[in-house]
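If you read the sequence from its start, that first residue is 1, and numbering goes on from there.
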Amino acid sequence: MNSVRQPAVAGSFYPGQAAALAHEVSTLLAEVPSHIGSAGPVPKALIVPHAGYIYSGATAALAYARLAPARHSIRRVVLLGPAHRVPVRGLALPDDDALATPLGQVEMDRAAVAQLAQLPQVVVSRSVHAHEHALEVQLPFLQTVLDDFQLVPLVVGHAGAEDVAEVLELLWGGPETLLVVSSDLSHFLPYRAAQQADSQTMQAILRLDGPLSQQQACGGTSINGLLLAARHHGLQPRLLGMCNSGDTAGDMARVVGYAAVAFMEVDHAN
């Protein structure tokens, strides 16, 4: 019998009904300015936020809109995000065959899971994934912008940047593989202080200059691994947009920062 990881935050972080969810995601993508959504090459990797869509959905859409030209060619998504609920040592895969949202199911890439079994930092834990939102909120966007793809979902806990980079290197692949890091930026600073802190963090990311701390970005470990891999492969990062919850739907006294960053491969032949 196939095991399916059921959605944990449908109806809270995003609409719980398929029609309402499809409408919201489509609306967020449609509102992306054309000079951001259609400009430049298809990213190899993305950094996207993972709050409720009312807070960070518009920022996430800036990144996902860039995938439109690769709708039919991206067949695998390696998705990494931090552990908010259950601590874990290493990087945890779910013990499931598919992950579900109101828009349907996304199959796990079993071949990739078999590859990862050789790495000591990769573990399997259904409990780590069961109530984790950081990966789940990305799925409706991916289900909307891509056609037929498989997923490698990894919750990143106590691990080093090298541990994450090794996973990314193993699954790097070609144009068929997209890397997505789910991370917010600073948490619960006053509005202006958050803007300053997040700006400094973003400058480091755009320089491919880690490591970031968990205070700078809750998905800092995943970002640090991506930065190592990006330097190795010569990826070029581009900031697509940045804001915080004070700009969208939150209290200005205690905000959470959000950013969308695309990492592009450089064509050295041109």
Side-chain angles (χ1 to χ4, degrees), residues 8-16 20-21 23-37 43 46-66 80-85 131-141 144 156 180-207 209-224 226-227 237-263:
V9 295
S12 55
F13 277 62
Y14 59 83
L21 176 56
H23 179 265
E24 178 154 352
V25 173
S26 297
T27 299
L28 289 168
L29 291 167
E31 290 174 349
V32 173
S34 59
H35 72 277
I36 294 177
L46 301 173
I47 297 174
V48 286
H50 54 232
Y53 287 4
I54 190 174
Y55 295 103
S56 67
T59 301
L62 298 174
Y64 286 116
R66 294 295 296 268
L80 301 91
H84 289 88
R85 302 283 186 171
H131 300 289
E132 180 54 59
H133 68 272
L135 305 188
E136 180 182 328
V137 298
Q138 311 306 336
L139 298 183
F141 278 104
T144 302
V156 180
V180 178
V181 169
S182 174
S183 180
D184 294 338
L185 299 177
S186 65
H187 282 56
F188 309 136
L189 295 175
Y191 183 86
R192 296 299 180 192
Q195 282 187 316
Q196 183 175 9
D198 292 341
S199 177
Q200 293 173 352
T201 297
M202 189 50 54
Q203 289 308 308
I205 290 173
L206 295 178
R207 294 193 306 267
D209 184 17
L212 303 181
S213 70
Q214 303 300 313
Q215 287 69 43
Q216 290 174 286
C218 61
T221 303
S222 299
I223 293 175
N224 291 338
L226 175 60
L227 295 180
R238 178 188 171 191
L239 175 62
L240 304 176
M242 187 166 65
C243 71
N244 63 51
S245 56
D247 297 309
T248 52
D251 181 354
M252 299 282 280
R254 296 174 77 250
V255 306
V256 177
Y258 313 120
V261 185
F263 291 74

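Remark: H84 NE2 is packed, more than 12 non-hydrogen atoms of other residues, nucleotides or ligands lying under 6.0 Å away. The neighbour count for Y55 OH, taken as heavy atoms of other residues, nucleotides or ligands under 6.0 Å away, does not exceed 12. Remark: L206 CG is packed, more than 12 non-hydrogen atoms of other residues, nucleotides or ligands lying under 6.0 Å away.
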>> Walk me through whether V25 and Y14 qualify under side chain to side chain contact (heavy atoms under 4.5 Å, CB included).
In response: CA-CA 9 Å; V25 173; Y14 59 83; over 6 Å; no
>> Apply side chain to side chain contact (heavy atoms under 4.5 Å, CB included) to residues F263 and L227 and explain how you reach the verdict.
In response: CA-CA 10 Å; F263 291 74; L227 295 180; 4.2 Å; yes
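Considering OG1 of T59 and CD1 of I47, their distance stands at 13.5 Å, rounded to 0.5 Å. If you take CD on Q203 and CG on D209, they are separated by 11.0 Å, rounding to the nearest 0.5 Å. Expressed to the nearest 0.5 Å, how far CD of Q216 lies from CE of M202 amounts to 10.5 Å. Summarising the geometry, atom SG belonging to C218 is positioned 11.0 Å from atom CG belonging to L212; distances are rounded to the nearest 0.5 Å. One distance of note links CD1 of I205 with OG of S183; it measures 7.5 Å at 0.5 Å rounding. C243 SG to L185 CG: the interatomic distance, rounded to the nearest 0.5 Å, is 9.5 Å.
Side chain to side chain, Y258 and D198 fail the donor-acceptor criterion of an N or O pair below 3.5 Å.
Here the side chains of F188 and V255 are not in contact, with every heavy-atom distance at 4.5 Å or above. Side-chain contact check for P33 versus L62: some heavy-atom pair is nearer than 4.5 Å. Residues P43 and R238 are not in side-chain contact: their nearest non-hydrogen atoms beyond the backbone lie 4.5 Å or more apart.
Ring pair Y64/F141 is parallel by interplanar angle, where below 30° counts as parallel and above 60° as perpendicular.
Taking all atoms of both residues into account, the shortest heavy-atom contact from N244 to A194 is ND2-CB, 4.3 Å. When all heavy atoms of G220 and Q214 are compared, the closest pair comes out as N-OE1, 4.1 Å. Counting all heavy atoms, side chain and backbone alike, P237 lies closest to V261 at CB-CG1, 4.2 Å. Contact detail for N224 and G210: the closest heavy-atom pair is OD1-CA, 4.3 Å. Taking every heavy atom of both residues into account, H50 and S182 meet most closely at ND1-OG, 2.8 Å. When all heavy atoms are compared, the tightest approach of T221 to V156 is CG2-CG1, 3.7 Å.
Under the 3.5 Å distance criterion, the side-chain polar atoms of Q196 are left unmatched by any main-chain donor or acceptor of Y191. Counting only distance, with no hydrogens or angles, the side chain of E136 and the backbone of A8 share a donor-acceptor pair below 3.5 Å. A donor-acceptor contact shorter than 3.5 Å is absent between the side chain of S199 and the backbone of Q195. S222 contributes no side-chain N or O that, together with a main-chain N or O of V181, makes up a donor-acceptor pair within less than 3.5 Å.
Taking F13 as the reference, V9, H133, V137 meet the side-chain contact (heavy atoms from CB on, under 4.5 Å) condition, with sequence neighbours excluded.
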